[in-house]
Amino acid sequence: MANFSPPPGTADIFPAEALRWQRLESVARAVFSRYGYGELRTPMFEYTEVFQRGLGDDTEVVQKEMYTFLDRGGRSLTLRPEGTAGVMRSLLNTDVLNGVEQRVYYQGSMFRGERPAAGRRREFHQIGVENVGRIAPELDAENIAMLMHFLEELGITGASLRLNTRGVMADRGPAGEMLRAYFLPHLGTMCPDCQTRFQRNIWRILDCKQQACRDVVAGVPDYLAAYSADSRQYFERVLRALDALKVPYEEDRFLVRGLDYYVHTVFEVTHSALGGQSAVAGGGRYEVFLPEASRPAPGVGFAAGVERLLMVQDALGAGEIPAEGADIYLIGLGEAARMANLSLSAELRRQGLRVELEVEDKSFKAQMRGANRSCARKTLIRGEDELARKMVVLKEMSDGSQQEIPEEALLRVLKGEGVC
RNA sequence: GUGGUAGUAGCUCAGUUGGUUAGAGCGCCUGGUUGUGGCCCAGGAGGUCGAGGGUUCAAAUCCCUUCUUCCACCCCA
């Protein structure tokens, strides 16, 4: 029924699936809280310049993927394409610029106008974390460790962590020159994209997937040598802290990342169970300079793709949720019995039981089928006869056994059998 | 954005070289005697064959347009 399909790249999440989302979210909450993080909920849209300035005008995201619109007051607003910029905008209302640390996580929809593909939607969901206000290599490492811990709790094994350092802004000049000098003579053999990257953002050449470009990139000089001693030492300390935290990693000099705000540490977690889009999470240390701020705000964080995490769990057979039926299904024969069941349902639900019942005048067989379909553990049956004698029949669905008990003993029996 | 793929019942799909009331499995509903589910059996409901236009005596089947899906590139989560 294509008529009722949602807009391209969006999806409806039905209850059975939503259960998995909820579980994933609660795992995130549980893990992050152990590291002192609380949830920050920011708007789904911001002033456009928050992203323009925050992410960098030259980024792919800002240039051609944002959902930007004018509101009725003529303001230019943009549906958030990622979480960090909005979080920083929000935290600028605190003391982060004076070195006061904020630990927050966020979750929710992000919007990017891309062509949908496996693991890529226009509305997708991220769970992300930001540690803002302080600069210390150990914080970078702890952040990464928390991400790996989160994946572990989700039952995601076999993920691989790659990391690199982007140095600070002052390192980009000398290191960029080194790259420019190296790439210039090879430009002729490289892809058109890289030709423009050479002009606009030479670093992006490093993670070009074209074979011809990769061949050239393979011989790139060690640009870390052009970084300042401080920057190199910062990265060293990140690595040592990761060792101390027992987090396995792999250094990757070609890892850059598409957002301009990164400095020092950048990292990405991929999983081979995924296809074209193999990144499940990514992040790094950043400095976000928002309009009207006196100076850039420092932080370190990551974002994980919820859909992708779920896909990996699928592939690994992790995170399966057993079907949960009602605790008890009420069957009533005759108007009076059904009415009695209706009021009983209210009472049992207040006791915390999951109760289902048939309210229409259906045959006994049809009602039993209903009980079976809903995977109910127990069925309560009563007709006019039982009603008159104030008795109910309690049936155990797994083995079909049943017993007749007094109405007033019902709760006691259910409690005795651990149903509630 | 570029390229490829597909679009038939709630779901997964079949539909021969265009030919009469478009099928299957699963699911759903109702029964298989008076109050007992899951298995089995019988019957039933449910489709403007994604949409629009065209060719034809005749189109789910051919042509055009359009929308949507999935996938790759790209980019990233």
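We name chains A, B, ... by the order of the sequence lines, and we start the count at 1 in each one. Values below: all heavy atoms of this structure, side chains included; hydrogens, waters and symmetry mates excluded.
When the nucleotides G31(B), C74(B), A77(B) are ranked by their closest atom to the side chain of E60(A), C74(B) comes out on top. Set against G35(B), C74(B), G37(B), the side chain of Q210(A) has C74(B) as its closest nucleotide. Here the nucleotide nearest the side chain of Q402(A), chosen from G38(B), U36(B), A72(B), is U36(B). Counting only heavy atoms from C-beta on, M397(A) has its side chain closest to G37(B) among C70(B), G35(B), G37(B). The listed nucleotides are U36(B), G3(B), G37(B); the one nearest the side chain of R115(A) is G3(B). Distance from the side chain of R369(A) is smallest for U30(B) among the nucleotides A77(B), U68(B), U30(B). The F364(A) side chain lies nearest to U36(B) when the options are A72(B), U36(B), G37(B).
Below the 3.5 angstrom threshold, one finds a donor paired with an acceptor across the side chain of E114(A) and the base of A77(B). Within 3.5 Å, no donor on the side chain of Q367(A) pairs with an acceptor on the base of U36(B), nor the reverse.
OP1 or OP2 of G31(B) has at least one side-chain nitrogen or oxygen of S363(A) nearer than 4.0 Å. Look at R382(A) and you won't find any side-chain N or O under 4.0 angstrom from OP1 or OP2 of U36(B). Distances shorter than 4.0 Å separate none of the side-chain N or O atoms of Q63(A) from OP1 or OP2 on G1(B). Within the 4.0 Å cut-off from OP1 or OP2 of C28(B), at least one side-chain nitrogen or oxygen of R373(A) is found. Side-chain N/O atoms of K365(A) include none lying less than 4.0 angstrom from OP1 or OP2 on U30(B).
Base pairing of U5(B) is not made with any nucleotide, judged by Watson-Crick or G-U wobble geometry with both donor-acceptor distances under 3.5 Å. Pairing partner, U55(B): none, since no Watson-Crick or wobble contact has both distances short of 3.5 Å. Across all strands shown, U36(B) forms no Watson-Crick or G-U wobble pair with both distances under 3.5 Å.
Spacing between A14(B) and A22(B) at atom C1', rounded to whole Å, works out to 11 Å. Between the C1' atoms of U16(B) and C73(B), the separation comes to 37 Å (whole Å).
Checked for salt-bridge contact, R103(A) and E101(A) meet the test: a charged N lies under 4.0 Å from a carboxylate O. Between K64(A) and E60(A) there is a salt bridge, since a side-chain N of the basic residue sits under 4.0 Å from a carboxylate O of the acidic one. Salt bridge present: R41(A) and E39(A) bring a charged side-chain N and a carboxylate O closer than 4.0 Å. Using a 4.0 Å cut-off between charged nitrogen and carboxylate oxygen, D171(A) and R166(A) do not count as a salt-bridge pair. A salt bridge links R382(A) with E407(A): the closest approach of a Lys/Arg side-chain nitrogen to an acidic carboxylate oxygen falls below 4.0 angstrom.
Map E307(A) and T10(A) each onto its nearest nucleotide of RNA chain B; the residue landing nearer the 5' end is T10(A). The nearest heavy atom of RNA chain B to P8(A) and to R308(A) marks one nucleotide each, and the one closer to the 5' end goes with P8(A).
Between R253(A) and the choices T165(A), N164(A), D222(A), the side-chain hydrogen bond (donor to acceptor under 3.5 Å, both in side chains) rule is met once, by N164(A).
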